[in-house]
Amino acid sequence: MQLRTEPYVLDMGPVHPSTHGVFRMRVTLDGEAVLNLEPVFGYLHRGVEKLAEERAYSGVIPLTDRLDYVASMTNNLAYVLAVEKLAEIKVPERAEYLRVIMSELQRISAHLVSIGSFTNDSGCYFTPFLYMYREREKIVDLFDMVCGQRLLYNYMRIGGVSQDIPDEFLPALRKVVKHLPGRINEYDRLLSENEIFLARTKGVGILPKETAINIGASGPVLRSTGIEWDIRKKDPYSIYDRFDFDIPTGEAGDCYDRYYVRLQEMRQSIRIVEQALKQIPSGPVKADVPQLIRPPVGEAYGHVEGPTGEVGFHVVSDGGIAPYRCHIRAPSLMNLTGLYDMSVGWKVQDLIVIFGSFAITMGEIDR
Amino acid sequence: MKFERYGRGIAKGMVVTMINLLRPRVVTQYPEQKLTISQRTRGNELVWDKDKCTGCGTCSKTCPQGVIRIETSVGDENKYFVESFEVDTGYCISCGLCVEACPYDALFMGYAYELGRYRRGDLVLTRDEMASEERIRSGYNRPEVAETLPRQTLLIEREGD
Amino acid sequence: MTTSLSTWEVSKQISEHVPGAISETTDAAIVVNGESLLNVAAFLKNTAGLDFDYLTTITAVDYYQYFEVVYLFVSMEHNHSLVLKARCHTRDNPTLPSLVSLWRSADHQEREIYDLMGITFEGHPNMKRIVLWPEFQGHPQRKDYL
Amino acid sequence: MVIPNIAVDAVRHLGAVAPDWPGHPWWHWVVFTLINIVFILVMIIGVIYIERRAIAWFAARTGPNRTGPFGLLQAIADAIKILLKEFITPMNADKIVFWIAPAVVFAPVIMIFAVVPFMNGAMLADLNIGILFVVAISSISTVGVFMAGWSSSNKYSMIGAMRLVASVISYEIPVVLALAGVVLIAGSLSLNDIVLAQQTVPFILVQPLGFFLLFVGGCAEINRSPFDLMEADSELVAGFHTEYSGMKFAMYYLGEYGEAVVMATIISTLFLGGWQWPFLPGWLWLILKIFLVFFTMVWTRATLPRVRIDQLMAVAWKFLFPLALINLLVTALQVLAGWPEDLLWLMGIVNYVLLGVLILLWSRMYKVGWGRIEV
């Protein structure tokens with residue numbers, strides 16, 4: 001007997017537990033298998049690029065916090081680097097070290113969030129998620145101590161950082177750096193060898209190397225395919241050329257590799273922070289830059305290796321106090337180009353896992 | 001799923017969760033238990049020092065949201081007199097740029113954080129509210145104030161290792 | 001360190017292979033004609049020694065007289081970069097050839113530029129609004145949009 | 001502790017008057033029906049508390065601690081809140097089916113307890129087909145779930161219900177085969193007789209493979225993690241009860257935990273010796289054992305990710321089913337050979353070795369399929 005079947009369309013999102021915000025996927029399903037997928041963006045569009053054109057250069061920094069809101073520090077840094085390139089500002093040594101420490105801590109905390117929500121997507125009932133949040137809390141405490149807020153830090157300034165660290169920061173940071181590797185190993189034990197976790201992620205959602213480059217993927221998504229491309233190494237900004245660290249890469253480019261690259265990157269970040277702690281000099285933390293800075297006419301592209309990938313700011317100046325144009329290169333938006341290739345043919349459950357392995361933030365995609 | 005290692009991975013994971021079951025909990029019961037917040041907290045209840053302020057309006061110019069409204073008139077001895085000074089905290093993004101910009105250290109971020117209001121109009125802070133003595137000043141960008149505030153509770157110190 | 005290729009040398013190479021494509025060369029960027037953009041891009045991607053396999057970002061800037069679309073290419077193999085620009089001089093219906101056939105990373109970015117700046121990319125498989133809803137009128141990123 | 005003890009002793013006395021079915025006095029039915037309903041509701045409150053507390057502790061949280069001492073009244077507070085909620089029926093729903101479905105899910109849960117002995121002979125009906133009754137009745141709630149998924153006119157509900165039907169039908173087989181091993185050793189289908197047969201050695205020591213199969217299969221059948229595909233909260237929002245609210249939702253909630261209680265009861269009755277144990281009264285032992293089994297289920301839920309639907313089926317058919325057959329064969333041979341009663345411990349050792357060997361073997365041999373289809 002031949003049963004008549006027909007594909008149906010399921011709108012996943014914009015309100016759905018696993019869409020990491022307000023993302024919507026129009027999925028055509030055959031039973032449980034995904035036949036077609038169309039991502040729909042824009043539910044969190046706030047027009048950041050347009051808003052940036054009406055604010056002074058320093059006033060854009062709080063806006064960049066709100067792009068990838070789990071990685072505000074690196075967003076700050078990318079924007080600030082672009083403006084500094086444009087205005088040719090020299091940043092004091094201590095500020096550079098603080099920037100590196102902050103962005104590496106931010107990377108750890110963002111990766112903790114991504115791994116946590118990824119395990120949640122794969123069905124662990126909130127346990128690893130909350131473990132990750134517990135560790136993140138220790139880092140967020142440090143950020144809170146330095147800049148007074150827990151999510152939207154607004155710490156980097158054009159020509160340095162907003163203020164020097166308090167006295168109790170470095171001892172607390174040393175404690176955190178000493179404490180975290182053990183915990184990371186523990187979570188490694190919890191997940192990386194779990195047979196069910198492996199079954200759900202190994203070989204699922206493979207992104208081939210060539211496709212990864214072609215779609216402009218960056219960050220852990222690109223590195224999981226085996227390409228050693230990390231802007232901290234390949235185009236060292238700030239003072240990253242002074243530190244010794246490795247670029248963890250995957251082999252297959254599947255969900256498990258993306259997860260595992262993130263896990264290893266946290267270890268590397270701790271290494272960088274440890275080195276920075278040894279080298280950090282004293283001195284001023286901010287160059288003498290006026291509050292309303294007027295960079296010369298021109299354009300500059302500043303980019304950093306954010307937790308999700310290459311965060312770039314293309315700032316065009318017309319000599320005024322506000323950027324003439326400020327384009328944001330959102331890594332998650334580029335990475336999502338590969339979502340179709342990776343998820344077609346897999347089941348709905350895999351779709352959620354694949355989507356979770358990108359660790360996207362909608363604030364960054366919709367802007 | 002291939003049990004190449006006979007489910008050892010699952011067993012390891014179970015041990016990890018059991019260890020965490022026995023660890024002390026880090027959650028605080030909020031309204032009863034409160035942690036000390038950072039000395040540099042950027043609460044958006046701005047605190048204003050009436051005596052130091054010269055009415056230059058730098059804060060208003062720097063505010064990315066444009067929510068600081070300041071009106072001045074020339075008073076005696078050729079000084080500005082601040083007639084009205086309003087901050088609509090409903091639009092404030094607590095970025096702290098106004099405090100950093102203030103050349104006379106007359107503006108402070110607030111140390112308070114329980115700022116819910118029933119009416120939107122109540123969110124607009126007026127001149128007198130901001131100058132009120134009851135408000136605690138935060139140490140954001142004001143190291144001398146930060147020293148007077150209690151030390152922040154850190155999870156790393158509470159949990160130890 | 002990602003080295004920026006000398007725009008003068010590259011533009012010389014381009015003008016040999018795609019004659020008449022270059023309209024201006026500065027120290028920072030090469031400006032090409034809109035019509036020959038696709039040919040130039042294909043040349044940049046497929047020429048040995050250049051091998052620009054990675055399209056990092058596309059920015060559209062509104063200068064009132066013209067729209068400028070800035071492409072930033074990176075070669076992962078040689079670790080060098082190049083800035084390419086193309087201009088549209090009409091405001092009513094500016095068009096440029098789409099680069100999706102060469103780099104799929106242009107997909108979402110070109111849609112976004114179409115949405116916010118109003119530049120149509122010919123040859124794009126899915127030229128629809130991306131962040132705004134389909135019925136939206138106007139292109140908010142333009143400088144004259146209020 | 002004194003008063004309940006007396007009550008249960010009295011009840012046991014009453015129950016022991018006439019264990020055969022038709023000859024019972026009428027008050028036996030009344031008393032035990034009441035006891036069953038109260039027992040299941042109290043146990044549901046208990047397991048909900050354990051679930052919420054334990055999962056919170058596993059996740060480094062505190063769990064409910066506001067209502068009553070240690071938050072013990074949380075479930076009651078939830079129930080009061082949920083009773084006051086509006087019940088929404090979707091416009092396109094099949095209304096009658098939509099309304100009946102929660103009752104169809106919840107009723108079998110209470111019915112199963114008819115055959116569970118709280119103490120020696122203290123049960124509603126000592127059916128001589130006890131286990132068969134359990135297996136048969138527990139499948140009925142599947143129908144209710146499918147009714148809910150179908151009638152909600154929601155795609156998530158439909159997917160969840162389809163998954164549930166697929167998984168329950170598959171897992172029924174290894175579960176029943178695992179039960180058969182116990183039945184062979186005990187020589188009876190009556191649950192009371194099976195508990196009595198564990199006077200000396202609980203069957204977990206004799207039938208480790210059976211216990212393993214029943215635990216895994218049971219988790220799948222009542223849809224607990226890692227097999228909670230029907231209400232996979234990260235994928236299907238809430239699975240089959242996405243469209244339910246108010247008291248109807250509460251029925252599903254109760255039904256779900258009721259099924260968990262049932263499964264924990266069956267496991268503790270068949271493998272952990274039921275009410276048998278010294279010192280404490282039997283019904284208390286039963287409750288403690290139920291909680292212990294349930295805690296293990298919560299532990300797995302806190303640790304393990306969810307399996308995929310094809311992996312779920314593969315586990316049932318390629319892993320549990322052959323093992324269950326082998327277990328049944330070996331047990332049958334052992335019983336047929338007339339294993340001496342006082343050498344039961346030796347049978348346990350033999351079976352443990354068997355368990356190890358089989359799991360080692362199957363780890364090598366068995367693979368779940370490749371999940372991708374070509375489009």
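Chain letters run A, B, ... following the sequence lines, proteins first and then strands; every chain starts at 1. Nothing here was measured: the structure is a model prediction, and the numbers come from that model.
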- Under a 4.5 Å heavy-atom cutoff, which of A/D121, A/L10, A/L29, A/L190 has the most pairs with chain D? A/L10
- Over 12 non-hydrogen atoms of neighbours within 6.0 angstrom of CD in A/E251: no
- Item | chain D interface, residue from A/V15, A/T127, A/L191 that has the most non-hydrogen pairs under 4.5 Å | A/T127
- Message: Is it the case that the side chain of D/K155 and the backbone of A/V9 share a donor-acceptor pair, with hydrogens and angles ignored and the cut-off at 3.5 Å?
- Response: yes
- Let me see the working for D/M158 and A/Y8 under side chain to side chain contact (heavy atoms under 4.5 Å, CB included), right down to the final yes or no. CA-CA 12 Å; D/M158 194 62 207; A/Y8 60 101; over 6 Å; no
- Task: Please flag which part of A/T119 lies under 4.5 Å from any non-hydrogen atom of chain D: side chain, backbone, both or neither.
- Result: neither
For residues 164-175 of chain D, which side-chain N or O atoms pair as donor and acceptor with protein atoms under 3.5 Å away, sequence neighbours left out?
{"residue": "D/S167", "atom": "OG", "partner": "D/R163", "partner atom": "O", "Å": "3.3"}
{"residue": "D/S167", "atom": "OG", "partner": "D/L164", "partner atom": "O", "Å": "3.0"}
{"residue": "D/S170", "atom": "OG", "partner": "D/A166", "partner atom": "O", "Å": "2.7"}
{"residue": "D/S170", "atom": "OG", "partner": "D/W317", "partner atom": "NE1", "Å": "3.3"}
{"residue": "D/Y171", "atom": "OH", "partner": "D/L312", "partner atom": "O", "Å": "3.0"}
{"residue": "D/E172", "atom": "OE2", "partner": "D/S139", "partner atom": "OG", "Å": "2.3"}

- Note on the structure: Honestly, the part of A/R134 sitting under 4.5 Å from a heavy atom of chain D is side chain
- Item | Heavy atoms from other residues, nucleotides or ligands near CE of D/M162 exceed 12 (cutoff 6.0 Å) | no
- Task: Go through the atoms of D/I55 and report whether side chain, backbone, both or neither lie under 4.5 Å from a heavy atom of chain A.
- Result: side chain
- Query: Checking A/Q349 against chain D: side chain, backbone, both or neither under 4.5 Å from a heavy atom?
  - Reply: both
- Query: Hey, mind stepping through A/V204 and D/R308 against side chain to side chain contact (heavy atoms under 4.5 Å, CB included) and telling me if it holds?
  - Reply: CA-CA 11 Å; A/V204 172; D/R308 207 199 297 147; 3.6 Å; yes
- Item | Closest contact, heavy atoms only, D/Y156 versus A/H16 | OH-CD2, 3.2 Å
- Item | Minimum-distance pair of heavy atoms, taken over all atoms of D/P305 and A/S122 | CB-O, 3.5 Å
- Is there a donor-acceptor pair closer than 3.5 Å between any side-chain N or O of A/E32 and the backbone N or O of D/I309? no
